[in-house]
Structures are given as C-alpha cells and as structure tokens.
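The figures here come from the full heavy-atom set of this structure, side chains too, leaving out hydrogens, waters and symmetry mates.
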Amino acid sequence: MSSTTRDEREIGFEQGSVVEVREAPDPKDPHLQDPKDWVVVREIVYHARSRDFVAEPGMHTDFASLPRAFVWFLPRYGRYTKAAIVHDHLWREEVPRSISRIEADGIFRQAMRQLEVPFLRRWIMWGAVRLGALATKDGRHGWWREAPRVLLVAIVALPFVVPPAVFVMVALVLFWVLEWLVYLPLKLIERAKTKPGAPTPKQANPPSFPWKTT
C-alpha cells in the first residue's frame with residue numbers, strides 16, 4: 001500500500017492479470033448453477049491513485065449488475081469486467097470502513113478508463129452505480145455533490161437508452177406470459193401422469209421473471 005499519490009502510469013491492474021471465476025451453486029438447489037453469481041478464483045489487484053485494492057479468491061461477484069431491459073446496451077461482462085469485480089469488492093468490503101461510496105464509484109470509473117472503456121460508456125456506467133447508491137443509507141450521504149454530473153449523464157443517455165429498453169421490457173413480459181401459457185398444460189399433464197408405480201413423468205419447469213439477467 002502506498003500513502004503517496006501515484007503517477008498516471010502507475011495506476012491500473014497488474015500486468016497480465018486475468019479474470020478467473022467458477023460457478024456458484026444455486027441457493028435453492030446446490031446441484032445447479034446460480035445464474036447471477038460467480039466466485040473469484042484468482043485475485044485481481046487494482047493499483048488506485050493512493051492505494052491498492054484486492055478482490056480476493058472466494059469473493060462472490062455478479063459482474064455488471066443491470067436490469068434485463070438494459071443488457072442489450074451494457075452486457076454483464078465485457079472490457080469492464082475487472083473493474084466491475086473490483087467495484088463489487090469496494091462496495092462490500094471497503095465502504096464505509098476505509099472509503100466512501102462516492103470514492104468507490106470514482107475508482108470504478110477510473111478503472112474502466114485504464115481498461116480503455118469508451119468515454120460515454122464508462123460515464124453512463126458510473127451514473128448507473130451512482131443512482132444505485134441511493135438505495136443504501138451511506139450511499140445517500142453527500143450524494144447531491146455528484147448529482148449535477150449524474151443529471152448531465154442522464155440527459156445524454158436516456159433518449160438513446162430508454163426507448164429500446166421499453167420495447168425490450170414489453171417483449172420480455174409478453175414472452176413470460178407465453179411461457180406460462182405453455183407451462184400450465186404441461187404441469188397438468190405431469191400431475192395426471194404421476195401415479196403410484198408409473199414411470200416418473202417429465203418435469204415441467206415453471207417460468208421465472210427476474211429483473212436482473214439470468
């Protein structure tokens with residue numbers, strides 16, 4: 001750890017660092033994969049401007065966590081994956097013990113710049129996590145200081161992001177309804193075939209509609 005401010009060339013991820021994760025088990029069924037949770041296998045070290053942050057093996061991450069309607073614009077993983085994992089670490093382990101949520105989000109944006117994420121994309125992702133901070137008590141502390149920049153990002157992004165997101169959301173809801181229309185008769189058939197001594201019928205799996213990606 002360094003107590004001095006680092007030069008721009010000293011900021012970033014360690015040379016040759018890679019993302020290595022494994023599937024986390026589904027809490028409801030350990031034989032299945034959790035669709036939103038992964039476990040870090042190899043540590044990821046980020047050298048920030050004044051100190052190092054380490055996402056250690058065993059840490060859980062959901063990469064870039066977004067509502068399903070916006071995944072077309074910002075997939076859960078991409079060039080920014082390492083920054084997203086470090087941001088998960090910052091929010092869970094460093095805030096509010098050693099840094100504020102505002103500082104954590106700033107490090108996230110800085111890390112994306114080091115990973116060569118394009119300007120508008122990284123600022124939109126930063127604005128998204130700043131809005132997400134409102135859901136936490138400590139995240140609302142001092143939030144107004146960044147509000148003007150969040151508002152500016154929203155003004156730029158919303159006209160391009162919201163109309164397609166509405167269309168995607170409507171399509172997802174309609175498909176979810178269709179899945180139920182298919183599932184219900186299959187479930188009735190499964191119950192009808194469930195008789196003592198009879199072969200086990202094919203299982204009808206109910207549809208789900210999680211707001212985040214699966």
A.B. asks: Rounded to the nearest 0.5 Å, what's the gap from CG on D88 to OG1 on T61? Could you check?
C.D. replies: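 Between atom CG of D88 and atom OG1 of T61 there are 3.5 Å.
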
A.B. asks: Are L90 and L134 co-members of a hydrophobic cluster defined by side-chain heavy atoms under 4.5 Å apart?
C.D. replies: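 Same cluster.
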
A.B. asks: Mind checking whether W180 and W176 have parallel, tilted or perpendicular rings, split at 30° and 60°?
C.D. replies: perpendicular

A.B. asks: Kindly state each residue pair satisfying salt bridge (charged side-chain N to carboxylate O under 4.0 Å, His left out) with at least one member in residues 134-148, sequence neighbours excluded.
C.D. replies: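 Residue pairs with at least one partner in residues 134-148: R101-D138, E146-R149.
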
A.B. asks: Is it true that E94 and R97 make a salt bridge, defined as a side-chain N closer than 4.0 Å to a carboxylate O?
C.D. replies: yes

A.B. asks: Shortest non-hydrogen contact from P75 to A64?
C.D. replies: O-CB, 4.1 Å

A.B. asks: Keeping the roles fixed (side chain from T136, backbone from A133), state whether a donor-acceptor pair exists under 3.5 Å.
C.D. replies: yes

A.B. asks: For F119, is the NZ or CZ atom of R113 found under 6.0 angstrom from the centre of its six-membered ring and inside 45 degrees of the ring axis?
C.D. replies: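 So R113 doesn't make the cation-pi contact.
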
A.B. asks: Is there a donor-acceptor contact under 3.5 Å from the side chain of R76 to the main chain of D62?
C.D. replies: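 It does hold such a pair.
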
A.B. asks: Answer yes or no: is there an ion pair linking E8 with R49, defined by an N-O contact shorter than 4.0 Å?
C.D. replies: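 R49 and E8: salt-bridged.
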
A.B. asks: Testing the basics here: between A69 and M169, what is the closest heavy-atom pair and its distance to 0.1 Å?
C.D. replies: CB-SD, 3.8 Å

A.B. asks: Go through the side-chain N and O atoms of S17 and R42 and say whether any donor and acceptor fall under 3.5 Å apart.
C.D. replies: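 R42 and S17 do not have a side-chain donor-acceptor pair below 3.5 Å.
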
A.B. asks: Less than 4.5 Å apart, side chain to side chain, heavy atoms only: is that true for Y80 and M125?
C.D. replies: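 Yes, their side chains come closer than 4.5 Å.
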
A.B. asks: Quick one: are L172 and R68 in side-chain contact, heavy atoms under 4.5 Å?
C.D. replies: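 In short, these two side chains touch, coming nearer than 4.5 Å.
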
A.B. asks: Answer yes or no: is there a side-chain heavy-atom contact under 4.5 Å between K82 and V86?
C.D. replies: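 SC-SC contact between K82 and V86 ruled out.
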
A.B. asks: I want to check something: taking the side chain as every heavy atom from C-beta on, are H47 and I11 in contact at a cut-off of under 4.5 Å?
C.D. replies: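 Result no, sub-4.5 Å side-chain heavy-atom pair not found.
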
A.B. asks: Indicate yes or no: at least one non-hydrogen side-chain atom of E190 is less than 4.5 angstrom from one of L188.
C.D. replies: no

A.B. asks: Considering non-hydrogen atoms only, spot the tightest contact between A24 and V39 and give its length.
C.D. replies: CB-CG2, 3.9 Å

A.B. asks: Heavy atoms, side chains only, cut-off 4.5 Å: are P164 and W72 in contact?
C.D. replies: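 Touching, per the 4.5 Å side-chain cut-off.
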
A.B. asks: Report the C-alpha separation of I44 and V54 in whole Å, then their side-chain angles, then the decisive distance to 0.1 Å, and conclude whether the side-chain contact (heavy atoms from CB on, under 4.5 Å) test is met.
C.D. replies: CA-CA 6 Å; I44 298 176; V54 182; over 6 Å; no

A.B. asks: Would you kindly confirm whether V18 and M112 end up in one hydrophobic cluster when ILVMFWY residues are joined by side chain heavy atoms under 4.5 Å apart?
C.D. replies: no

A.B. asks: State, yes or no, whether a side-chain contact exists between R130 and I102 at a heavy-atom distance under 4.5 Å.
C.D. replies: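 Answer yes - side chains close enough.
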
A.B. asks: If Ile, Leu, Val, Met, Phe, Trp and Tyr residues are connected whenever their side-chain heavy atoms lie under 4.5 Å apart, and connections chain through other members, are L131 and V129 in the same group?
C.D. replies: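 Hydrophobic grouping puts L131 with V129.
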
A.B. asks: Would you say that more than 12 heavy atoms from the other residues, nucleotides or ligands in this model lie under 6.0 Å from the OH of Y183, or not?
C.D. replies: yes

A.B. asks: Heavy atoms only: give me the nearest A111-A83 pair and the separation to one decimal.
C.D. replies: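 Nearest pair, atom of A111 first, then A83: CB-CB, 3.8 Å.
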
A.B. asks: Atom OG1 of T81 and atom CZ of F63: how far apart are they, to the nearest 0.5 Å?
C.D. replies: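 Result: 6.5 Å between the selected atoms.
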
A.B. asks: May I ask you to check whether over 12 heavy atoms, not counting those of Y77, lie within 6.0 Å of atom OH?
C.D. replies: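 Not buried by this count: 12 neighbours or fewer within 6.0 Å.
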
A.B. asks: Return the minimal non-hydrogen interatomic distance between A165 and F70, and the atom names on each side.
C.D. replies: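 Looking at all heavy atoms of both residues, the shortest contact is CB-CE2, 3.6 Å.
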
A.B. asks: Would you say the ring centroid of F53 lies under 6.0 angstrom from that of Y46?
C.D. replies: no

A.B. asks: Whether K28 and D26 form a salt bridge (side-chain N of Lys/Arg under 4.0 Å from carboxylate O of Asp/Glu) is what I want to check.
C.D. replies: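 K28 and D26: not salt-bridged.
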
A.B. asks: When rounded to the nearest 0.5 angstrom, what is the spacing between CZ in R22 and CD in Q33?
C.D. replies: 12.0 Å

A.B. asks: Are R6 and D52 close enough for a salt bridge, meaning some N to O gap below 4.0 Å?
C.D. replies: yes

A.B. asks: Examine W143 and L151 and state if one hydrophobic cluster contains both, with Ile, Leu, Val, Met, Phe, Trp and Tyr joined whenever side-chain heavy atoms are less than 4.5 Å apart.
C.D. replies: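 No, W143 does not connect to L151 through the hydrophobic network.
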
A.B. asks: Out of curiosity, T5 OG1 to R51 CZ, how far, rounded to the nearest 0.5 Å?
C.D. replies: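 Rounded to the nearest 0.5 Å, the OG1-CZ separation comes out at 13.5 Å.
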
A.B. asks: Just verifying a value: how many Å separate E23 CD and L32 CG, rounded to the nearest 0.5 Å?
C.D. replies: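 E23 CD to L32 CG: 10.0 Å, rounded to 0.5 Å.
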
A.B. asks: Can you see which heavy atom on N205 is nearest to which on Q203, and at what distance?
C.D. replies: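 Result for this residue pair: OD1-NE2, 2.5 Å.
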
A.B. asks: Got a second to check how far I99's CD1 is from D105's CG, nearest 0.5 Å?
C.D. replies: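 So the CD1 of I99 and the CG of D105 are separated by 9.0 Å.
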
A.B. asks: Indicate if V45 and L115 have the same hydrophobic cluster label, given that clusters are the connected sets of ILVMFWY residues with side-chain heavy-atom separations under 4.5 angstrom.
C.D. replies: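 Different clusters: V45 never reaches L115 through Ile, Leu, Val, Met, Phe, Trp or Tyr contacts under 4.5 Å.
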
A.B. asks: Is there a side-chain contact between D34 and P27 in this structure, where contact means two heavy atoms from C-beta onward sitting under 4.5 Å apart?
C.D. replies: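 Yes; the side chains approach each other to less than 4.5 Å.
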
A.B. asks: Does the ring of W123 carry R109 above it, NZ/CZ under 6.0 angstrom from centre and within 45° of its axis?
C.D. replies: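 Yes, cation above the ring, under 6.0 Å and within 45°.
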
A.B. asks: Does R122 come within less than 4.0 Å of E116, counting only side-chain N to carboxylate O?
C.D. replies: no

